[in-house]
Amino acid sequence: MNNTLHTWVNASDFVTAVLLVTLIPALTSPAVAQGVPDALEEVIVTAQKRSASLQNEAITVTALGAEDISRAGGIDPEILGVLVPNLHVGEETNRDGMQITIRGVSGTDVRNGADPTTAFHVDGGYVPRLSGANAYFFDLERIEVLRGPQGTLYGRNSTAGVVNVITRKPDFDSFGGSLEVAAGKYDLFRTQGALNVPLAKNLAARLAFITSDRDGYRKNAPAKDGDDADEFGLRSHILFAPTEHTSLLLTAEYYERKGVGGVASYHSFPGDTSGLESPDPAGVNAIDTQGYRDNSDTNFRLELNHDFGLFAVTYLGAYREHERDFLADADFTALREIESFVGETMMSDTWTHEVRLTSTHEGPLQYIIGGYYLDEEIDGDFLVGLTTGPGFPAGGGLPFRVRFVDQGLTNESLAGFLHATFDLNDQWQLVGGVRYTDDEKDKGGTLDDVGTTADTATGSFQTVGIAGGPTFFLAPQISNPSFDKTTWEVGLNFSPNADNLLYASASTGFKAGGFNRGSQAFPGADSLVVFKPETVTAYEIGWKTDLFDKRARLNVAAFYYDYKDLQQSQTFVNDAGTITNQTINATSANVWGIEAEGTALVGHSGRLSVALGYLDTEFESFTGVDDALVVGFQSFDASGNRLTRAPEFTATIALVPLIWSAPFGGTFEPRVQFHYQSNVSLSILDRPFEQQDSYTRTDVSLRYQSGGGFWYAELYGLNLENEDVATYQECFDFRQVGAATRQCERTYAAPLTWGARIGVQF
């Protein structure tokens, strides 16, 4: 409480000023700005891979414009957890292991070969490693979040939903651009900008950049502060349209993320008598290993479109190179006689290709037919180090090491799909779709000439031993599973008039299976090496409506999911004390819920947005769960527990009370945003110490926009409550070389921050 009060006192002048200028307009009657809209603008999305009005799409999708994201303080995927109902975002420290949970369905495994459950796309190109998701949040046009399985148009690994990041494209008509500079708490200094250049009547280029430098949120002395920022991103588009029917878009992107990186905090648990937890673990947590992060993404995309009259053909090809290099403290303390670290170097090279034929003719039948191919290769070297001191049973400061090496790990996926709608009449429409997906995965492991030991020169393997000394355990990593699935969708839409759409659908989704550490090369191999695909059958009904002469908009959906073999990640400690992450299958799980999103113009010039979500989730049948704080197999029963990262209630309310006239022909626009999330579980066993309590988050801002819109300035404050919100937790028990230490780690969202930004648009 004292720390919170101290923070509020330090911030009081800034926060008071922002609150006053935000609330005074709602209590007085200043001159209202002219030219405010008298109806909500139409929102165009490409959620189903063709342009359409949001209100005409029979699917639950949230469309966030660049201005919406900017005013909400969004600079990375974390903002989606604030603005989108029933969506949770967590991150696993230096790996940048982003975990996006939609409607309680989460891809919790962040290992190299693991697939996310939410399909993440940038301008249509698939991003297989969510550890690079931060690379794309600048110079945006909008972000579309599709909730629910998208097995037909998006295929594998979209059982939770899809996030589409859509960047701004070149404009043939005008030279222009933007530049913004921001500064704030923790010595934040961020710049971003873009330049649009018409090169010819049918040729244009757009160049965008972002930089961010900030001190860390976490005081980790004697190590440097963690959760800092040192980022640089660059994107270039070249658009060529030789005819009105043909266009070619070439894109190149580069992004790097350096600094100390994310740092976990020690978190106490029942029976913990170590006294190691800081009184303020979210802000102060001493560690003795100096970490670093050096991650980068290099991307190239090509999109070719040609309209043949009756149909259009689209080819989208993408190449992505994701590199990760990090080092971090592994026991999250500097207070006991043990030194530990975890580090990794990793590279993922991915090619994706998609070809689509989309109908463009008039008529009751409209369709999209296409094919998709993905080819990814991963090389990685993951190392866990532990050195015990003389106070431990092992003694002697033995440098114990566990190493996982991936050499030539591959993921390959091939799919074909068809999606169609048929207008029965002016009001009724049938929807149908089908997709076949074939996946093959290979760990890359090989055996030596004798056929009994891992070939460490060419294959993937695991070792356990003493640094510079003997190896106790050497195991090949050999597994080559394949999976295939046909997914489908059927639906019925009803539009009684131009302002209302009612829809009902049933659909299926599929997430490919995979492999854990281990090998299938020998008889009697552990049955947990390969885990099954997860599948879902989803039922949804929805209503979209425009009200009061389009001054208000309301979209409501209710849904029920029946999951089979839901993939869940857990930490396991075997009898030798080796810590590994495993993915296991929950036999069955159920999810049902309700969502509502509304927007309305209020008063003379105000605007109100509301996003509400309710979730009821349950592992219907889930046995074989292990407690990572205990060595060996326990096989607990988690049946009846709620799903992880699935809060029962989420709510966000954003209000611009009004826009009023300011000096020199400009305007003032205050904004208040309130977010609530109920208690959420961060672990399968759902014990009290593995939960994040309910919390609120209040954000405020005040923007001045000059007359003519050439420049703007804004003051903002985020998370005024200064809540410590845990987004990720993992526990385990070190027993290597006799060093018995149990511990839990947590990572946290950003604390109270404030700042100012100024920008120009030309």
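Quick caveat: nothing in here was measured; it's all calculated off a predicted structure. Side chains are part of it too, since the values below use all heavy atoms of this structure and drop only hydrogens, waters and symmetry mates.
Within the structure, every pair that satisfies the salt bridge (charged side-chain N to carboxylate O under 4.0 Å, His left out) test and touches residues 59-77, not counting sequence neighbours, is listed here: E67-R703, R71-E669, R71-E714. Each salt bridge (charged side-chain N to carboxylate O under 4.0 Å, His left out) pair with one or both residues in residues 496-508, not counting sequence neighbours, appears once here: D499-K550.
Here T508 contributes atom OG1 and K564 contributes atom NZ; the two are 14.0 Å apart, rounded to the nearest 0.5 Å. If you take OG1 on T421 and CG on L365, they are separated by 7.0 Å, rounding to the nearest 0.5 Å. The distance from the CD atom of Q427 to the CZ atom of F494 is 4.5 Å, given to the nearest 0.5 Å.
In terms of modelled atom types and a separation under 3.5 Å, the side chain of Q366 and the main chain of G363 share a donor-acceptor contact. Not a single donor-acceptor pair under 3.5 Å links the side chain of H121 to the backbone N or O of V162. No side-chain donor-acceptor contact under 3.5 Å links K544 to the backbone of Y503. Listed for the D686 side chain is no donor-acceptor partner under 3.5 Å among the backbone atoms of T644. Side-chain N or O atoms of T118 include one that pairs as donor or acceptor with a backbone N or O of I100 at under 3.5 Å.
Side-chain N/O atoms of K511 and T117 include a donor and acceptor closer than 3.5 Å. In the model, E540 has no side-chain atom that pairs as donor or acceptor with a side-chain atom of Y560 under 3.5 Å. Side-chain contact, H419 with T152: no donor N or O sits under 3.5 Å from an acceptor N or O. Using a 3.5 Å distance cut-off with no hydrogens or angles, the side chains of R50 and T360 do not pair a donor with an acceptor. Neither side chain, Q582 nor N516, offers a donor N or O lying under 3.5 Å from an acceptor on the other. Between the side chains of Q691 and N679, a donor-acceptor pair is found at a separation under 3.5 Å. A donor-acceptor contact under 3.5 angstrom links the side chains of Y154 and N164, judged on distance only. With no hydrogens or angles considered, a side-chain donor-acceptor pair links N500 and W543 at under 3.5 Å. Side chains of E721 and T698: a donor on one and an acceptor on the other come within 3.5 Å. Using modelled atom types, one finds no donor on one side chain facing an acceptor on the other under 3.5 Å when comparing S678 with E648. A side-chain donor-acceptor contact under 3.5 Å links Q55 and N555.
F483 does not carry K532 over the face of its six-membered ring by the limits of under 6.0 Å from the centre and within 45° of the normal.
With respect to the salt-bridge test (charged N to carboxylate O, under 4.0 angstrom), the residues R642 and E690 do not qualify. Taking 4.0 Å as the cut-off between side-chain N and carboxylate O, D439 and R156 count as a salt-bridged pair. In this structure, R687 pairs ionically with D627, as a charged nitrogen and a carboxylate oxygen lie closer than 4.0 Å. A salt bridge does not link E376 to R320: none of the charged side-chain nitrogens sits closer than 4.0 Å to a carboxylate oxygen.
A search for salt bridge (Lys or Arg N to Asp or Glu O under 4.0 Å) contacts involving R645 returns nothing, not counting sequence neighbours. Evaluation of the salt bridge (Lys or Arg N to Asp or Glu O under 4.0 Å) rule for E595 yields R103, R147 as partners, not counting sequence neighbours. Every residue meeting the side chain to side chain donor-acceptor pair (under 3.5 Å) condition with E620, not counting sequence neighbours, appears here in chain and number order: S588. In this structure, the salt bridge (Lys or Arg N to Asp or Glu O under 4.0 Å) partners of E144, at least two apart in sequence or on a different chain, are R142.
Ring orientation note: the planes of Y372 and Y126 are nearly perpendicular, at an angle over 60° on the 30°/60° scale. Using the six-membered ring where Trp is involved, F120 and Y136 have ring planes that are tilted, between 30° and 60° apart. Ring geometry for Y563 versus Y561: interplanar angle over 60°, hence perpendicular rather than tilted (30 to 60°).
What you find for N425 and W428 is that their closest heavy atoms are OD1-N, 2.8 Å.
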side-chain contact (heavy atoms from CB on, under 4.5 Å) between V625 and Q570, worked out = CA-CA 8 Å; V625 178; Q570 67 171 4; 3.7 Å; yes
request  = Determine, step by step, whether Q567 and T583 satisfy the side-chain hydrogen bond (donor to acceptor under 3.5 Å, both in side chains) criterion, reporting the C-alpha distance in whole Å, the side-chain angles of both residues, the deciding distance to 0.1 Å, and the verdict.
outcome  = CA-CA 6 Å; Q567 296 170 11; T583 293; over 6 Å; no
message = Run W592 and D562 through side-chain contact (heavy atoms from CB on, under 4.5 Å) and show every step you take.
response = CA-CA 9 Å; W592 72 270; D562 182 11; over 6 Å; no
inquiry  = With side-chain hydrogen bond (donor to acceptor under 3.5 Å, both in side chains) as the criterion, how do S505 and E489 come out once you've worked through the C-alpha distance, each side chain's angles and the decisive distance to 0.1 Å?
reply    = CA-CA 7 Å; S505 67; E489 176 190 6; 5.0 Å; no
key: Chi angles and distances behind the side-chain contact (heavy atoms from CB on, under 4.5 Å) call for L414, T437   = CA-CA 6 Å; L414 182 66; T437 303; over 6 Å; no
